[in-house]
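Working notes, beginning with the structure itself.
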Amino acid sequence: QVDASEATKTATRSKYDECQKSSTVDAVQQDPNLAVASEEEREQALRDYKVTIEYKHLKSHAPGGVYLIPSMTDLRHFYGIIFVRRGPYTNGIFKFQLRLPQRYNDVNMWPQITFSSKVYNPYVDAKTGVLDIRSAYPSWDPSRHYLVTVLTHLKKIFYSKNFADAKANPEARELGMKDPEKYRKRVDECVRDSQRQVFANEPGSTVKFTEEQVSHRVLRDLLKHHIRHENQVTKQAVLAQIDKARKV
């Protein structure tokens, strides 16, 4: 009886599977878009997964001084900031947004970087703040180009001394090549402006700055006192000092 029961269940499942397959075939025949939509959904899910992998890769490979944080509402929208540590833009603090097209990770689906800080640079459109990426990468190959690629390009424009290939801001390019001293004054002006605007946070931005408060100074002093060597820097040690600072 047990064997007969199991055989009956197996036959029933097999019949159910056949019916399901038959129903699916009939549905696709009536509306071929169903099969296409399903395939597109799988491809989009794969693109989404690749974005998360690329972002995880940045944890250990992002260019120095460049930080990128996802928005709270969109997988393909990031807020970023670059701290320039040397060169003509030294001490500049420039904020930007990075957006990825829906089909990013397909061929020639370039990322877009738009500076919210004013940036006087031959590679940045003076009106829109958009960084020229296509001059450096006329074709975008997802097997060779990643988020770290475009962030490296972003950092490079603040150190570049040759603007011959720059197209975004012809006026800045010509000034940089013909009158370096005047160009440097414009750069200095934009650096000072970036510092003045550092506490002006964009609505919805995940990169926010607040002016120093007493608790911040206390935390800094606590960290200096209790964490004196790199090997002492642990998540638990930092959180313990943050907890002490909160009580001030």
Give a yes-or-no answer on whether the side chains of D165 and Y123 include a donor-acceptor pair shorter than 3.5 Å.
yes
Interatomic distance, [X] atom [atom1] to [Y] atom [atom2] [nearest 0.5 angstrom]:
{"X": "L131", "Y": "N121", "atom1": "CG", "atom2": "CG", "answer": "8.0 Å"}
{"X": "H57", "Y": "K59", "atom1": "NE2", "atom2": "NZ", "answer": "13.5 Å"}
{"X": "F115", "Y": "T128", "atom1": "CZ", "atom2": "OG1", "answer": "11.0 Å"}
{"X": "L58", "Y": "Y67", "atom1": "CG", "atom2": "OH", "answer": "12.5 Å"}

Mutual orientation of the aromatic rings belonging to F158 and F94 [parallel < 30°, tilted 30-60°, perpendicular > 60°]:
parallel
Do NZ/NE/NH1/NH2 and the carboxylate oxygens of R192 and E189 come within less than 4.0 Å?
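So R192 does not pair with E189 through a salt bridge.
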Please determine whether a side-chain nitrogen of the Lys or Arg among D221 and K224 lies less than 4.0 Å from a carboxylate oxygen of the Asp or Glu.
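No salt bridge links D221 with K224.
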Going only through I, L, V, M, F, W and Y residues with side-chain contacts under 4.5 Å, is there a path from [X] to [Y]?
{"X": "V214", "Y": "L222", "value": "yes"}
{"X": "V51", "Y": "V107", "value": "no"}
{"X": "Y89", "Y": "F83", "value": "no"}
{"X": "Y159", "Y": "Y120", "value": "yes"}
{"X": "V66", "Y": "I81", "value": "no"}

Could you pull out all residues at least two apart from T114 that satisfy side chain to side chain contact (heavy atoms under 4.5 Å, CB included)?
Q112, V130
List the atom of [X], the atom of [Y], and the distance in Å for their closest heavy-atom pair.
{"X": "F163", "Y": "G176", "value": "CE1-CA, 4.0 Å"}
{"X": "A168", "Y": "D125", "value": "CB-N, 3.6 Å"}
{"X": "V207", "Y": "Y79", "value": "CG2-O, 3.5 Å"}
{"X": "K95", "Y": "A200", "value": "NZ-O, 3.1 Å"}
{"X": "R76", "Y": "D48", "value": "NH2-OD1, 2.6 Å"}

Hey, does the side chain of [X] reach the backbone of [Y] with a donor-acceptor pair shorter than 3.5 angstrom?
{"X": "T234", "Y": "A237", "result": "yes"}
{"X": "T149", "Y": "Y146", "result": "yes"}
{"X": "Q197", "Y": "I93", "result": "no"}
{"X": "K155", "Y": "G65", "result": "no"}
{"X": "K118", "Y": "S194", "result": "no"}

What side chain to side chain donor-acceptor pair (under 3.5 Å) pairs are there with at least one residue in residues 129-143, not counting sequence neighbours?
D132-S135, D141-S143, D141-R144
Kindly determine whether S38 and R42 satisfy side-chain contact (heavy atoms from CB on, under 4.5 Å), including the steps that lead there.
CA-CA 6 Å; S38 177; R42 286 195 292 270; 2.9 Å; yes
Give me the one residue out of E54, R99, K50, R47 that meets side-chain hydrogen bond (donor to acceptor under 3.5 Å, both in side chains) with Y104.
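Of all the options given, the one that passes is E54.
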Given side-chain contact (heavy atoms from CB on, under 4.5 Å), test L100 with L147 step by step and report yes or no.
CA-CA 9 Å; L100 304 176; L147 286 177; 3.8 Å; yes
